[in-house]
Each structure stands twice: as structure tokens, then as C-alpha cells.
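One structure is given below, encoded as C-alpha cells.
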Amino acid sequence: MNLLAEIRSRFATALASVDGFTGDTRPIVELVRPSSDAKFGDYQANCAMPLGKQLGKPPREIAASLVEALDVSDWCETPEIAGPGFINLRVKDEQIARLVARAAQSERLGVPQVATPQTVVVDYSSPNVAKPMHVGHIRSTVIGAALAEVLRFLGHRVITDNHIGDWGTQFGMIIYGYKHFVDEVALEKTPVPELTRLYRLVNRLIEYHAAKTTGLPAMEERIAGQTKLVAELGSVPATGDKKVDKKEAKKLHAAENSLRELKADQTSLQNQIAAIDNDPTLGPLAQQHTGIGKAVLQETAKLHEGDPTNRDLWQRILPPCLEEIDATYDRLGVTFDQTLGESFYHDRLAKVVDDLVARGLATESEGAMCVFLEGFDAPMIVRKKDGAFLYSTTDLATIAYRMEEWQPDVILYVVDYRQSLHFEQLFATARMSGFDQVELQHVPFGTVLGEDGKPYKTRSGSAVGLGGLLDEAVDRARAIADGSKLLTTDQERQQVAQRIGIGAIKYADLAHNRTSDYVFSYDKMLAMNGNTAAYMQYSCARVRGIFAKAGVTLEESLSQACEIKLDSTAERALGLALLQFAETLERVAEDYRPNHLTTYLFELASRYSDFFQNCPVVKAESTEIRASRLALCALTVSTLETGLRLLGIESVERM
RNA sequence: GCCCCCGUAGCUCAGGGGAUAGAGCAUCGGUUUCCUAAACCGGUUGUCGCAGGUUCGAAUCCUGCCGGGGGCGCCA
């Protein structure tokens with residue numbers, strides 16, 4: 001039962017009989033929501049104020065006629081009108097009790113299936129498999145998996161697809177590295193570290209040459225230009241007009257800042273070059289491979305053209321790379337229905353471009369094939385002047401394939417917000433190509449920051465590896481597990497440490513509003529207090545402890561029909577919170593924001609904590625109350641654990 | 001130059017037209033013959049960046065400004 005939805009539908013009915021109302025009921029009905037404050041009841045309807053405006057009547061009068069027409073007497077006490085025209089609703093205690101009892105008996109914990117299931121493709125994680133996964137992959141992976149699970153639980157048909165980067169320049173780099181630098185013994189014994197070494201080595205050499213031949217000279221040019229600009233701005237005479245002078249001063253200041261940044265970048269480039277030059281092995285290597293940048297692109301092109309040597313190498317390189325990312329997914333407990341990477345679409349790309357040309361959407365410009373879109377300064381390039389395709393081409397081919405294969409109603413792309421422009425162009429092009437029935441939705445997210453407020457990096461400036469990140473979290477979580485008196489074996493402590501550690505990272509990510517950046521902090525995410533995985537897991541374990549003490553199992557408590565009694569405010573508040581799981585999941589699905597669920601779980605745990613403090617369960621004053629409270633505990637722990645499970649977080653029996 | 005996002009308590013963050021702006025941390029005080037005290041309860045803490053505007057009502061929407069971040073034809 002979705003209480004909120006139910007009450008809203010009653011309001012929709014009532015609205016029809018309000019004198020003079022003709023418009024769309026939905027926006028008005030959406031003004032029914034959970035109360036901002038418990039003293040205003042459980043739900044509040046803010047409909048009367050805007051209606052008053054629309055209909056030219058006093059809001060309180062509208063509220064009165066709405067209440068008159070409203071039939072909620074089976075669910076709620078008599079509605080109250082307050083303030084300028086708020087309608088406050090209080091759910092009847094016996095209804096909460098009845099619904100809690102029913103939810104406890106239901107597999108779905110009282111969450112209804114959606115009336116009209118949709119087919120939803122969720123595209124998330126999508127790493128480049130040739131490079132080790134790093135901190136930047138957490139958000140997409142964790143948010144995408146959580147959204148998929150929530151949608152699935154609500155009854156939608158969900159297809160998760162990991163659109164891995166298995167065909168791009170990174171493989172050209174590894175192929176080049178293989179041909180020149182491979183250590184065959186190492187590759188045989190420990191393929192992934194060897195491939196990573198090759199990737200990093202080639203990458204470093206490319207960056208070295210790029211910095212030396214184009215980066216640094218370009219930088220010098222920009223610095224010269226900027227220096228000139230600063231000098232010019234500095235010599236502008238004061239006009240005496242305060243406003244103008246202030247604006248000039250600001251410009252100068254900005255130019256100076258920009259110059260300073262350029263110089264810092266220049267220094268770092270110089271250092272990067274010097275590091276190679278001064279290295280006894282890398283220095284000579286760099287001199288031997290001056291054309292490495294171009295050569296790598298050629299290796300990539302040869303791979304794409306079907307060159308047998310490079311295809312064989314790709315066939316050999318790919319499996320260990322996939323095994324490596326699968327190992328990471330195993331640790332994270334993340335799975336996919338499909339893993340259709342870039343290579344899967346390779347032979348469909350030419351057709352994509354041909355179709356665009358045939359439809360008159362793509363035109364040639366400066367040798368490249370471009371889609372010029374209204375409202376965008378730059379075109380979306382679908383074929384480079386050298387004939388190679390780009391990720392926009394692959395993405396278009398992917399949409400076509402998904403439409404053909406699965407006929408989805410929605411495709412979600414859980415991808416960094418910095419790719420917003422790309423998706424705007426991609427979606428616009430897709431719609432013009434005839435895919436205008438599907439809802440294409442970029443689900444963007446912000447950056448993971450270090451404690452300094454800058455993107456989370458190692459001290460040397462490289463991305464933090466995902467494996468190491470998980471190790472560290474589990475190590476730190478081990479201290480929590482070691483502090484437990486209830487965990488006896490080392491094996492048990494290690495398992496709990498893993499669940500707490502991995503859970504901490506996932507939960508911290510999901511608990512933040514997806515669209516904002518957040519600061520990564522082990523201390524905060526592993527805290528035993530506050531909105532953290534550790535606290536939620538502890539809450540679950542505490543509830544489970546009661547069943548051990550009571551000598552019944554959770555399952556028994558859930559399945560045995562019993563009357564729920566909600567005589568104290570703590571019990572009533574807990575009961576109501578338990579019923580709001582359904583509307584919470586609905587909300588997560590509406591705007592694709594898992595943090596609504598973490599907020600809900602934290603509040604549910606708080607309601608439980610209040611209950612735990614005030615209402616003895618095992619030593620309740622009567623057997624009826626004991627059974628009722630045990631059922632409340634059972635539904636609480638089921639709801640908490642289900643919520644965590646949907647977020648991809650494992651709970652623990654004891655900790 | 002153009003476009004997008006952000007600015008909320010000392011810190012980390014919720015809230016994104018609705019009633020007196022919330023939580024955790026920090027800080028101060030309290031709770032243990034009682035189901036997990038790694039817990040709980042209470043106190044303190046605000047120019048919601050600034051200034052205008054729209055509205056019955058603005059942290060929320062609009063405009064301008066200040067500060068920070070990101071993106072912008074051949075990477076993904």
C-alpha cells in the first residue's frame with residue numbers, strides 16, 4: 001500500500017467536485033505530501049492556496065469545500081484546516097496497525113507493484129577495461145546498480161548494461177606496448193599487472209612527447225599572450241568612473257590569476273618532461289620512441305581494420321582485463337545483465353553514419369562528418385576526417401541496438417555530469433533519427449573530492465585505484481569488527497569487516513545528492529553514528545539481537561498473524577515510518593535519486609531507536625504486546641535490510 | 001567569448017514554491033540493577049553568498065553581481 005498515492009488519488013476525486021476547477025489535477029494533487037512537522041499530522045495538502053488564486057476565492061473556503069468533497073474517512077481522522085488553508089491529515093491508528101500487520105505478512109513488505117511496468121535499460125559503470133578501475137568509477141557503478149535494483153523491485157523490467165570501453169585507443173596503447181616492451185614471462189604469470197605496466201609506460205611516453213612537441217610550446221605561446229594582456233590591462237589609465245575602473249581592475253585581476261595558473265601548468269609540464277629526461281631507463285626509451293603517439297593511433301586503426309596480428313593480441317589481452325574488472329565487481333557485489341562494450345558495435349558504425357547522411361542529418365565539414373544541431377555552437381562529429389568513428393557514433397549505434405532488441409521505454413545513462421553536453425547532442429540526434437518514443441535520460445553525478453576539496457587524487461596526482469580504496473575501507477572496518485564482543489572467530493570478523501567497509505563506501509556515495517560533489521572521508525563514512533552504512537548495519541544487528549533473546553526467529557514473527565498495537569507515540573511513529581517505504585521507493589524512481597532511500601532508512605532507524613528505548617519487547621507487559629512489538633521489530637529489520645539490499649549493501653547478523 | 005552546475009550552522013551534508021530551515025560531526029550537559037552504551041536523550045549553533053524582482057508565501061523561481069567548479073569540431 002502506497003499511502004501517499006492513495007490519499008492523492010482521493011484528493012484527485014475530490015478536486016473534480018470543487019466548483020469552477022477545470023485544469024490538470026496532477027500538479028495540484030502533488031501538493032499532498034508527508035507533513036513537514038509531526039504536529040501538523042501525517043500528511044498535509046497544500047492545494048487550497050494555489051487553487052484560491054486560480055479560482056479567485058479565499059483559500060480557506062476552497063480548503064473547506066475540498067474537505068467537504070474528500071472521502072478519506074476510512075484512512076484518516078477528520079481533516080483539519082490550518083493557517084492560510086493547509087489541510088492536515090492524520091492517519092487512523094487502527095489503519096496503521098492493520099497495514100503494518102499486512103506488510104509484515106507480505107513478501108514485498110507492503111510495497112505495491114507498479115501498475116504499468118516499463119522496460120528500462122540502465123547503462124552504468126562503463127569503465128575502460130584496459131586501465132585499472134579508479135575512484136571515478138564508484139559513483140556510476142554504485143548509483144546505477146542501486147537505481148536498477150529499486151526499479152526492478154517496483155516491478156519494472158530492467159536490463160542493466162555495462163557499456164565497457166574495450167575497443168579504443170587504450171588497446172592501441174597496450175598493443176604498441178606489447179610489441180615493444182612486453183615481458184612475456186610476466187604476462188604469462190601475472191597478466192594484469194604486466195598489461196597495466198605496459199599501458200602506463202606507453203601513456204607516459206605519449207604524454208612526454210606531447211608535452212615536449214606541442215604542449216610546452218603552446219603553453220609558452222599562451223603565456224606570452226597572457227603576459228601581454230596583463231601588461232595592457234595594467235597600463236589602462238583610470239577613468240575616474242568608479243564602476244568602469246572597478247570592472248577594469250577585475251579584468252586585470254582575472255588575467256593575472258589566469259597567467260599564474262598557466263605558469264603553474266607550465267612548471268608541471270616541465271617537471272613531467274624532466275622526470276623522464278633524468279630517468280636512466282625512461283630517458284633513452286623516450287628518445288627511441290619519438291613517434292609513439294601516432295604509432296599508437298595506427299595500432300588502434302589496424303585493430304579496427306581487422307589486422308590479424310592486432311586482432312589476435314586484442315583477443316589475448318581482453319580476457320585478463322575482463323577478469324580483473326569482474327574481480328572488482330565481485331568485491332562490490334555488482335552484476336550486469338549485459339556487457340556489450342564498444343567492440344560489440346564496431347561493425348554497425350558505418351551504417352549509423354550512412355543513415356544520418358541519408359536522412360540529411362549529417363554533413364561533411366572540414367573533412368569530418370558532422371551533425372549540426374540547432375541550439376549548439378559545435379556540431380556532434382560522428383566520423384573523423386581520418387575516417388575513424390567516435391564515441392558519439394558508438395552511442396548512436398547502441399541506442400539503435402537497444403531499441404531493436406529490447407524496445408525500452410526508458411534508457412538511463414548513469415554518467416558523470418561533465419558529459420552533459422555530449423548527451424544533449426546525442427539525444428537530440430537520436431530523436432531526429434526517429435528514436436523519439438523512448439525517454440533518453442542522462443542521470444548525471446558530481447565528482448568525488450579529497451579532503452582538500454579538489455578531485456580525489458593520490459599525492460602524486462594520479463587517480464586513486466579502486467582496489468586499494470576498497471582495501472583501505474575494509475582494513476579500517478576491521479577495527480570496528482575487532483571491537484565487537486559478539487564476533488568470535490577471525491573469519492566472522494573478517495566477513496563483517498568486509499561488509500562494513502564496502503558498505504561504507506557505497507552508502508556514503510548514495511547518501512549524497514547525486515548531482516553534487518562530495519568529500520571522500522573514511523572517518524565519516526565509517527562512523528558508528530549518523531547516516532552511515534555502519535550505523536544502519538548496527539541498527540539491523542541490534543534488532544536481530546532481540547529475536548535471539550526472545551527465542552523466536554524473525555521469520556516466525558513475520559509470518560505469524562498477530563494484532564499490532566500502537567499505544568505509545570514511539571510505536572505509532574515507527575509503524576507509520578514502516579508504511580512509508582513504498583512512497584520512498586516511488587520517489588527514488590521518480591527522480592533517480594537513491595539518497596531519498598538512505599534518508600528514509602536513517603529516519604526509520606531513528607524511529608526504531610526511539611521505540612527500542614521506550615518499549616521493552618522481550619519483557620513486554622503482556623504476551624499480546626510482546627507479539628505486536630516483535631512483529632514491529634521484524635518488519636523494521638526486514639525493511640532496513642531490504643532497503644540496504646536495494647542499495648547494494650549487505651547487512652550483518654551480529655556486530 | 002559562449003554554455004552548464006554549485007554557494008545552507010565552525011566542519012561534512014540534506015531540504016529545491018508552503019507553516020518556526022534540518023541531520024551527523026564538533027561542543028556543553030545527562031542516561032547503564034533494563035532486549036548490543038560502538039548506543040540513547042537534551043542544550044548551544046544560521047545575513048540559506050549579496051542585491052533586486054515575481055508570489056498570499058522564496059533557501060527553493062527570475063534578473064544582476066560576487067566567489068568556486070566544469071564544459072565548449074575531430075579524446076571518452
Side-chain angles (χ1 to χ4, degrees), chain A residues 31 33 35-37 39-40 44-47 49-50 52-53 58-59 82-86 88 126 128 165 168-170 250 342 365-370 372 375-392 394-395 415-422 424 444 446-447 449 451 453-455 479-481 483-486 508 511-513 515-521 523-525 527-532 534-535 538-539 541-550 591 595-596 598-599 602-603 606 609-610 612-620 629-630 633 654-655:
Chain A
L31 294 172
R33 32 188 90 150
S35 284
S36 54
D37 191 314
K39 75 171 177 240
F40 301 132
Q44 65 181 62
N46 306 333
C47 319
M49 286 78 79
K53 179 81 179 170
F86 296 105
N88 292 332
S126 312
N128 275 324
T169 315
Q170 335 89 31
K250 210 181 113 186
E342 292 169 342
S365 164
E366 294 173 38
M369 201 55 82
C370 300
F372 288 91
F376 295 92
D377 291 340
M380 185 171 82
I381 297 176
V382 290
R383 197 176 66 205
K384 300 201 281 183
K385 65 179 167 206
D386 67 3
F389 302 107
L390 296 100
Y391 76 133
S392 38
T394 312
D395 281 355
V415 181
D416 196 314
Y417 74 96
R418 281 174 296 206
Q419 290 189 40
S420 300
L421 181 61
H422 164 66
E424 281 175 41
T447 310
L449 308 174
E451 309 257 8
K454 294 189 183 138
I480 295 175
S484 169
K485 288 158 253 167
L486 299 153
H512 287 95
N513 182 334
T515 54
S516 38
D517 298 345
Y518 74 90
V519 175
F520 187 93
S521 159
D523 287 337
K524 291 208 163 79
M525 70 176 69
M528 285 305 295
N529 262 337
N531 194 9
T532 66
Y535 176 75
Y538 179 70
S539 300
R542 265 208 319 180
V543 189
R544 282 186 172 273
I546 287 182
F547 291 95
K549 269 282 195 304
D591 46 12
N595 67 308
H596 293 316
T598 59
T599 301
F602 182 56
E603 272 164 17
S606 304
S609 175
D610 194 24
F612 178 81
Q613 212 68 26
N614 293 292
C615 307
V617 177
V618 177
K619 292 177 187 165
R629 289 182 178 166
L630 276 169
C633 288
R654 285 187 295 276
M655 68 183 270

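The basis for the numbers below is simple: all heavy atoms, side chains too, and nothing from hydrogens, waters or symmetry mates. Every chain is numbered from 1, with letters handed out A, B, ... down the list of sequences. Fair warning: this is a prediction, and the values are worked out from it, not measured in the lab.
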If I take atom [atom1] in residue [X] and atom [atom2] in nucleotide [N], what distance separates them, rounded to the nearest angstrom?
X	N	atom1	atom2	answer
A:K485	B:rU32	NZ	C1'	12 Å
A:I381	B:rA76	CD1	P	11 Å
A:Y538	B:rG24	OH	C1'	17 Å
A:M528	B:rA37	CE	P	11 Å
A:H512	B:rA23	NE2	P	17 Å

Pick base, sugar-phosphate or nothing for [X], based on heavy-atom distances below 4.0 Å to the nucleic acid.
X	result
A:C47	nothing
A:F520	nothing
A:N513	sugar-phosphate
A:A479	base
A:R418	sugar-phosphate
A:K385	base
A:P50	base
A:D395	nothing
A:S516	sugar-phosphate
A:L486	base

Taking only the side-chain heavy atoms of [X] (C-beta and beyond), determine which of [options] contains the nearest atom.
X	options	answer
A:R33	B:rG70, B:rG18, B:rA76	B:rG18
A:Q419	B:rA39, B:rA76, B:rC40	B:rA76
A:F40	B:rU55, B:rU36, B:rA19	B:rA19
A:Q44	B:rC35, B:rG18, B:rA39	B:rG18
A:K524	B:rU20, B:rG24, B:rC40	B:rG24
A:L421	B:rU36, B:rG71, B:rG24	B:rG71

Counting only side-chain N and O atoms of [X], is one of them less than 4.0 Å from OP1 or OP2 of [N]?
X	N	result
A:K53	B:rC56	yes
A:Y535	B:rC40	yes
A:N595	B:rA14	no

Is there a donor and acceptor pair, one atom on the side chain of A:D416 and one on the base of B:rA76, closer than 3.5 Å?
no
Any donor-acceptor pair, under 3.5 Å, between the side chain of A:K39 and the base of B:rU20, if you only look at N and O atoms?
yes
Just jot down the ring pair (Phe, Tyr, Trp, His ring centres under 6.0 Å) partners of A:F547, sequence neighbours excluded, or say none.
none
Does A:F86 lie flat on the base of B:rG18, that is, centres under 5.5 Å apart and planes under 30° off?
no
A side-chain contact here means heavy atoms from C-beta on lying under 4.5 Å apart; do A:T532 and A:K524 qualify?
no
Under the salt bridge (charged side-chain N to carboxylate O under 4.0 Å, His left out) test, residues paired with A:R418 that sit two or more places apart
A:D416
Of A:F547 and A:P379, the one whose closest RNA chain B nucleotide lies more 5'
A:F547
Stem segments of RNA chain B by first residue number [Watson-Crick or G-U, under 3.5 Å, at least 3]:
B:1-7 with B:66-72, B:10-13 with B:22-25, B:27-31 with B:39-43, B:49-53 with B:61-65
